[in-house]
Every structure is written in structure tokens, then in C-alpha cells.
Amino acid sequence: KNQVEQSPQSLIILEGKNCTLQCNYTVSPFSNLRWYKQDTGRGPVSLTIMTFSENTKSNGRYTATLDADTKQSSLHITASQLSDSASYICVVGGGTASKLTFGTGTRLQVTL
Amino acid sequence: EAQVTQNPRYLITVTGKKLTVTCSQNMNHEYMSWYRQDPGLGLRQIYYSMNVEVTDKGDVPEGYKVSRKEKRNFPLILESPSPNQTSLYFCASGTNSYNEQFFGPGTRLTVL
């Protein structure tokens, strides 16, 4: 069964600190891996998309890594801001990528 | 403004009363998809469409129907809603299944 597991479930950090979120998946065949940011009550917004051949991709203060051999990905947030408070969702596309498997997300809270 | 719109945003209905949630995008995207989001379960794909008149089941299609008669619209139909379909629903679109998906604002449905 295709699965995407994220850790930690929740995280609280101080503004200005860095953090790393983890994603492990068992989706096969693999097409691509996406990270989304979802503010409470709103639709997810895409941060990065990586294919099998890419092992890192950045979007501003967000940097995603992918190890397709171990089926692991991470999202690193640098110099966190209060506006980074949200849920971060790891999503894996299988085969033609038309079917997506979502993780349950990591809820990040950035505090003063 | 490029966007995905959903209507209604909020709906309270009763068991068995047919309803339709509309989804429209103005980006000329070929790929569209419906998801539901439930606490602790994350987002799950209901149906997707690769292009006009082409639709396919996602992970949780039972109790739902869709149609794609024109590129911009992808309505979600609940013929006989039941309380277990109470959820937050998101529509999304993309140029194709491999690329970034743009999500709508969500429709919160309650079935009594």
C-alpha cells in the first residue's frame, strides 16, 4: 500500500531559528515528490516539486532534499518567520503522477 | 487573476439531498482533481481528470461523481450525501499531472 509518513507531527520553534521536517514514503512506482504549505482553513500552496533525478531544490528560505534510494525527503526552513506557521504536507506522485499520496502533515508553530 | 474558485464555500445539508460543488479555473489547465481533508487523515484524492471528458477514480471515490464537459469546470456531485461525507473539500488544477497544482479555497460540507 502506498504510504507517506511525516515527522514530527508538530513542532514549535522560536522566530529566527532553523528547522527540518521529514518525509518517508513507500509509493511505487515513483514519479515526483512535492512539498506544500497549508495555512489554517486555506488550500495548500506548492513549495517545491522534485523528480527522481533531483536531490535538492530551493524556494527562498525553503530547501527540499530527496534521497530516492532510501525513499526519504526533508524540508529545511531557514531563519523562520511568524508567517511560516502552517502545516507542511509531503505529497508523492506515483506512475503518471496523476494519483497522489499525501502525508498527514507537520504542524509548525513559530513563536516570538 | 489566475485562480481556482469553488462554490459554495460552506454548505450544511441533510442526508440524501443531492448536491453539487462547483470548481472552475481560469488558467487553461488540463489537469483537475478533487480532494477531501479530514482531521488525522490528511488530504485524500477523490477523482481526477487529465483532460476534457477524461476522468478517473482516486483513492476514495465512493459516493461521489464528477464530470468534465469543458476544460475550465470540474463539478463534484454527491447524489445521496451521508454524514461520513462531512469534510473539507478542495479542488485543484495544473498544466498536467506532473506539475504544480493550484488549489481552490475549499468547501466545508456538513451532512446532518
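Chain A is the first sequence line, chain B the second, and so forth, proteins listed ahead of strands; every chain is numbered from 1. Because only heavy atoms are used, hydrogens play no part in the values below, and waters and symmetry mates are left out as well, while side chains stay in. Since this is a predicted model, take the numbers as computed values, not measurements.
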Flag yes if more than 12 heavy atoms outside [X] fall under 6.0 Å of its [atom1] atom; otherwise flag no.
X       : atom1 : value
E70(B)  : CD    : yes
I12(B)  : CD1   : no
R108(B) : CZ    : no
Q3(B)   : CD    : yes

| query | With a 4.5 angstrom heavy-atom cut-off, which part of Q38(A) approaches chain B: side chain, backbone, both or neither? | reply |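 The side chain, not the backbone.
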| From N2(A) CG over to D59(B) CG, what is the distance, rounded to the nearest 0.5 angstrom? |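 So the gap between those two atoms works out to 8.0 Å.
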| message | Using 0.5 Å steps for rounding, measure from the CZ atom of F103(B) to the OG atom of S46(A). | response |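 Atom-to-atom, F103(B):CZ and S46(A):OG are 9.0 Å apart.
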| field | For F90(B) against G43(A), the heavy-atom pair lying closest together | value |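 Scanning both residues completely, I find the closest heavy atoms to be CE2-CA, 3.3 Å.
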Using the rule that two of Ile, Leu, Val, Met, Phe, Trp, Tyr join whenever any of their side-chain heavy atoms come within less than 4.5 Å, decide whether [X] and [Y] are in one cluster.
X      : Y      : value
W35(A) : V92(A) : yes
L82(A) : Y88(A) : yes
Y62(A) : I13(A) : yes
F52(A) : V4(A)  : yes

| Which bit of Q6(B) is near chain A, if near means a heavy-atom gap under 4.5 Å: side chain, backbone, both or neither? |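 Interface part for Q6(B): neither.
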| field | Which atoms of N99(B) approach chain A - backbone, side chain, both or neither, heavy atom under 4.5 Å | value |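 Backbone only.
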| Going through the checks in order, is the side chain to side chain contact (heavy atoms under 4.5 Å, CB included) test met by E100(B) and R34(A)? | CA-CA 8 Å; E100(B) 176 183 6; R34(A) 313 162 189 224; 6.0 Å; no
| request: Take Q101(B) and Y36(A) through the side chain to side chain contact (heavy atoms under 4.5 Å, CB included) test and state the conclusion after the steps. | output: CA-CA 10 Å; Q101(B) 286 191 43; Y36(A) 284 89; 3.5 Å; yes
| query | Under 3.5 Å, is there a donor-acceptor pair between the side chain of R42(A) and the main chain of G104(B)? | reply |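 Flag not set: sc R42(A) to bb G104(B) has no pair under 3.5 Å.
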| said: Quick one, L100(A) with Y48(B), criterion side chain to side chain contact (heavy atoms under 4.5 Å, CB included). Give me CA distance, side-chain angles, the key distance, then yes/no. | reply: CA-CA 10 Å; L100(A) 302 180; Y48(B) 62 93; over 6 Å; no
| said: I'd like to check I89(A) versus L43(B) (side-chain heavy atoms, cut-off strictly below 4.5 Å). Are they in contact? | reply: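 In short, these two side chains touch, coming nearer than 4.5 Å.
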